[in-house]
Amino acid sequence: MRKRLLSLIGAGLLVAAAALVPASPAMAAPTFKVPFPCNQTWSGQTRTNHSPAYAIDFNRTDDLGDPVVASAPGTVDVVTNLGDTSYGKYVRINHGNGYTTYYAHLNSSNVSVGQSVGYGRVIGYVGTTGGSSGPHLHYEQRLNGNDIQVRFNGTLALYWGTKNYTSDNGCGSTTGSGTVNTSGTPLTVRSGPGTGYTAVDTVADGTRVTIYCQTTGTTVTGTYGTSNIWDRIGSGRYIADAYVYTGHDGFIPNVPRC
C-alpha cells in the first residue's frame, strides 16, 4: 500500500512538473505581402462559403495574364496542374516553420520546384484554370497544412467582404536597368507602350535608365533587333526595349510586367 501511495504521489509530481514547463513559443510568421507587383491595387474578396474559408480571391479590370509575385521569401515546392477541377494550375511556396502560400487558377507558372524566390519574384500569371468561372487569383496562407486568416505586413485582411489592397511587394528591389543606344539620336519617350501613344519626352543616347516594369506593345526594330517589349521608366513614360541594352534577350528576370 505504501509503495502504491508513493507511486501515485510521484506520478502526481511528474504531472505537476509537466504542467509548469512552458509551451514552446510559436514560430513567428513571415512578413507576407500582397502577391502582386509594387504599387498595384487589387480587390480582394473573402466569403464564408469559400473553400477553404480563409482564402482570398483577387481581381482587377482586365487581369488575365497579369503577373503574380511571391508574397514572402521561400522555396517553391509545388508547381502542378489539376486540369479543369479545383485549383487548376497552381504554385505553392514553402516559407519555413510550417508556413506555406498557395497561388491558384494561374494561366501559367514562371518557376520550378526547388527554386528559391524572394519578394516581388514573378511566379506566374493570373488565369481562370481549374474550377474557376473567370480570371482571378485564389490566394491562401497556411500553417502546418491548415488555412489561416491572411495577413499582409502583419495586418489582418478583411473578413468578411471586399477590400482594395495596394501592394508594397518588392518596391525598390525588383527594378531593372539599361542603357539607351540609338547611335546618337534621342529616343522618344511615349505615354504608353507603343508608337501610337503620345510622345512626351526624349532620352539622350547613352542614358542609363531605371526600368520599373515591362510589357508588350508595338513591335519596333532597333539597335538590338526587333522586339515588342516596352520598358516603363517612370509614370506614363515608356521606351522601346529594342533600343535599350539590358543584358537580357527578352524580358528582364524578376522585373514585373506592367
Side-chain angles (χ1 to χ4, degrees), residues 28-74 76 87-95 99-111 117-143 146-175 212-215 232 234-236 254-258:
T31 300
F32 293 114
K33 295 181 179 293
V34 176
F36 299 102
C38 179
N39 291 328
Q40 289 189 1
T41 299
W42 288 73
S43 174
Q45 181 193 68
T46 57
R47 56 186 187 277
T48 55
N49 64 346
H50 209 169
S51 180
Y54 296 140
I56 296 183
D57 279 348
F58 282 104
N59 280 109
R60 71 174 186 172
T61 303
D62 298 326
D63 56 8
L64 180 64
D66 281 355
V68 176
V69 305
S71 60
V76 176
Y87 291 174
K89 296 178 181 178
Y90 80 95
V91 169
R92 185 177 74 186
I93 300 176
N94 186 332
H95 305 281
Y99 289 94
T100 55
T101 48
Y102 286 66
Y103 311 77
H105 305 312
L106 299 175
N107 190 52
S108 62
S109 59
N110 193 46
V111 288
V117 295
Y119 289 121
R121 175 65 165 87
V122 177
I123 61 169
Y125 303 94
V126 173
T128 184
T129 59
S132 170
S133 59
H136 70 282
L137 176 70
H138 172 101
Y139 173 80
E140 301 173 22
Q141 293 175 2
R142 293 195 181 198
L143 176 60
N146 300 311
D147 70 305
I148 56 176
Q149 290 191 326
V150 169
R151 293 178 182 271
F152 296 122
N153 294 321
T155 300
L156 184 67
L158 173 65
Y159 289 93
W160 308 91
T162 301
K163 176 182 176 180
N164 284 339
Y165 298 87
T166 298
S167 176
D168 67 346
N169 194 335
C171 291
S173 64
T174 57
T175 58
Y212 296 97
C213 62
Q214 295 179 297
T215 188
R232 184 171 74 80
S235 179
N254 298 330
V255 171
R257 295 195 189 182
C258 305

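Below, all heavy atoms of this structure are taken into account, side chains as well, without hydrogens, waters or symmetry copies.
- Across all non-hydrogen atoms, the minimal contact from Gln149 to Tyr159 is CA-OH, 3.5 Å.
- With a 4.5 Å cut-off on side-chain heavy atoms, Tyr119 and Cys38 do not count as touching.
- Atom CG of Asn153 has more than 12 neighbouring heavy atoms from other residues, nucleotides or ligands inside a 6.0 Å radius.
- Between atom OH of residue Tyr165 and atom OH of residue Tyr139 there is a gap of 11.0 Å, rounded to the nearest 0.5 Å.
- In this structure Asp57 satisfies the salt bridge (Lys or Arg N to Asp or Glu O under 4.0 Å) test together with Arg47, sequence neighbours excluded.
- His136 places no side-chain N or O within donor-acceptor distance of the main-chain N or O of Thr128, the cut-off being under 3.5 Å.
- Counting heavy atoms from C-beta on, the side chains of Val69 and Val122 come closer than 4.5 Å.
- Between Tyr102 and Tyr90, the angle of the ring planes stays under 30°, which puts this pair in the parallel group of the 30/60° scheme.
- You'll find the side chain of Asn169 stays beyond 4.5 Å of the side chain of Phe36, heavy atoms only.
- Side-chain N/O atoms of Tyr103 and Ser71 include a donor and acceptor closer than 3.5 Å.
- To the nearest 0.5 angstrom, Thr100 atom OG1 is 9.5 Å from Asn146 atom CG.
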### Query
Can you list the steps and then say if Gln40 with Arg60 is a side chain to side chain contact (heavy atoms under 4.5 Å, CB included)?
CA-CA 10 Å; Gln40 289 189 1; Arg60 71 174 186 172; 3.6 Å; yes
